[in-house]
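Before any comments, here is the structure.
In what follows, every chain begins at residue 1, and chains take the letters A, B, ... in the order their sequences are listed. Keep in mind that the numbers below use all heavy atoms, side chains included, and drop hydrogens, waters and symmetry copies.
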There are 2 protein chains.
Amino acid sequence: MPADDGRVAALDRVLELTVLLGRDMAASLAASGLTVARTTLLWHLRAGPSTQRALADALGVSARNVTGLVDGLAESGLVSREPHPADRRATLVTPTPRGQELLDELARGQAELAGQLFGGLSRERLDGLVSVLDEVLERLRPLVPGGAAS
Amino acid sequence: MPADDGRVAALDRVLELTVLLGRDMAASLAASGLTVARTTLLWHLRAGPSTQRALADALGVSARNVTGLVDGLAESGLVSREPHPADRRATLVTPTPRGQELLDELARGQAELAGQLFGGLSRERLDGLVSVLDEVLERLRPLVPGGAAS
DNA sequence: CCTGCACCGTGAAGTGTCTTCACGGTATCG
DNA sequence: CGATACCGTGAAGACACTTCACGGTGCAGG
């Protein structure tokens with residue numbers, strides 16, 4: 001069935017892309033003494049401080065795991081735990097000034113990577129790529145538990 | 001710079017796709033009692049038996065790690081270690097009949113996923129996607145250490 | 001008020017994926 | 001025959017995850 005071949009070829013490209021991108025991120029983060037999981041948690045703090053429970057839900061991991069990740073980030077001086085003003089059970093995780101600097105740097109690195117990957121593409125091809133990926137994501141989301149999480 | 005926005009938007013899509021696909025694979029494999037790393041190793045055995053050294057290079061991990069992964073797969077009865085006919089230092093990792101069955105099943109699952117993700121796309125859009133991804137991969141490969149590995 | 005239940009975060013224990021370093025066995029080349 | 005490079009693995013350890021159990025807190029309902 002030749003119709004299938006094109007689809008499997010596309011999936012192969014996507015799979016290789018995920019592998020390569022994953023390695024690239026892990027390597028560049030490791031150069032800064034970071035790990036992917038901790039950085040992902042920090043990244044979710046751009047919008048502002050957050051409860052560990054909320055972070056666990058957002059990342060799709062157990063609350064216990066968030067405790068460990070925050071431990072590591074706090075030890076590196078990137079986030080701080082502060083008491084929740086209204087709920088004494090919860091703790092608010094907040095980026096420190098150093099964490100904020102790092103977040104800005106991460107955003108710059110992301111823009112740079114985007115430029116390296118998609119820099120020479122015409123407007124049409126780029127728009128086409130985004131629209132196809134949106135369509136694929138729309139189909140993939142319901143297949144994955146917690147796919148609605150951003 | 002609005003030109004940058006489109007590129008970052010594309011990268012966002014790719015990143016979300018990575019996360020979702022990773023979860024989907026991990027979940028469906030876990031349902032079969034497998035893990036991603038072990039299955040990846042098994043997947044590289046489709047072409048035939050292989051030395052652990054060769055597997056380490058192909059997967060981009062340390063030789064020690066391959067020992068552990070093969071241990072797990074052997075314990076599950078999916079691969080077997082056999083002496084290399086010409087080099088008594090090396091061991092050849094070979095899929096067992098059960099491992100072969102599993103490989104066939106994995107290939108079917110991959111084709112099914114490709115159908116679910118890209119099924120309704122027109123020939124043009126699918127070809128466009130593959131060509132854009134090939135171009136992006138071409139740029140990404142040199143950025144990643146070991147990017148030449150398949 | 002105060003009792004029961006749901007919730008927040010964390011200690012304990014365990015699995016899986018990875019690493020580096022050291023070592024014994026083997027191939028190979030001079 | 002001997003130096004050297006290579007193959008796989010033991011030992012020890014880092015990190016990302018999990019479930020289960022427990023103490024502290026919030027929030028009703030009686």
Can you tell me how far P of C:dC7 sits from NE2 of A:His84, to the nearest Å?
16 Å

Same cluster (ILVMFWY, side-chain, under 4.5 Å), B:Leu42 and B:Leu92
no

When rounded to whole Å, the CG to C1' distance for the pair A:Asp71 and C:dT10 reads 9 Å

Working for side-chain hydrogen bond (donor to acceptor under 3.5 Å, both in side chains), residues B:Arg125 and A:Ser131
CA-CA 10 Å; B:Arg125 297 188 77 195; A:Ser131 106; 2.6 Å; yes

Value in whole Å for how far the P atom of C:dG24 lies from CZ of B:Arg88:
18 Å

Specify the separation, in whole Å, of atom CG of A:Leu55 and atom P of D:dA16.
15 Å

Under-3.5 Å N/O pairs linking protein and nucleotides 18-20 of chain C:
from, atom 1, to, atom 2, distance (Å)
C:dC18, OP2, B:Asn65, ND2, 3.3
C:dC18, O5', B:Asn65, ND2, 2.8
C:dT19, OP1, B:Ser62, N, 3.4
C:dT19, OP2, B:Ser62, N, 2.8
C:dT19, OP2, B:Ser62, OG, 2.6

Side chain of B:Arg38 only, heavy atoms from C-beta on: which candidate in D:dG26, D:dG8, C:dT17 is closest?
C:dT17

Strictly below 4.0 Å, N to O, side chains only: are B:Glu135 and B:Arg139 in salt-bridge contact?
yes

Between B:Leu34 (CG) and C:dT17 (C1'), how many Å, whole number?
15 Å

Can you tell me the distance, in whole Å, between the CZ atom of A:Arg53 and the P atom of C:dT10?
12 Å

Decide whether A:Leu21 and A:Trp43 are clustered together by the hydrophobic rule: side chain heavy atoms of Ile, Leu, Val, Met, Phe, Trp, Tyr closer than 4.5 Å, transitively.
no

Atom CG of A:Leu59 to atom C1' of D:dA16: distance rounded to whole Å?
12 Å

Can a side-chain donor-acceptor contact be found between B:Ser80 and B:Glu82 if the only test is distance below 3.5 angstrom?
yes

Does B:Thr91 reach a base, just sugar-phosphate, or nothing at all? Heavy atoms under 4.0 Å.
sugar-phosphate

Could you tell me the separation between the CG atom of B:Leu92 and the P atom of D:dC7, rounded to a whole number of Å?
13 Å

What nucleotide, of D:dT25, D:dG8, D:dC6, holds the atom closest to the side chain of B:Arg89?
D:dC6

Inspect the contact between A:Glu16 and B:Arg141 and indicate whether a charged nitrogen and a carboxylate oxygen are less than 4.0 angstrom apart.
yes

Do B:Asp12 and A:Gln110 touch side chain to side chain, with heavy atoms closer than 4.5 Å?
yes

Among D:dC7, C:dC8, C:dT10, which is the nearest nucleotide to the side chain of A:Thr51?
C:dC8

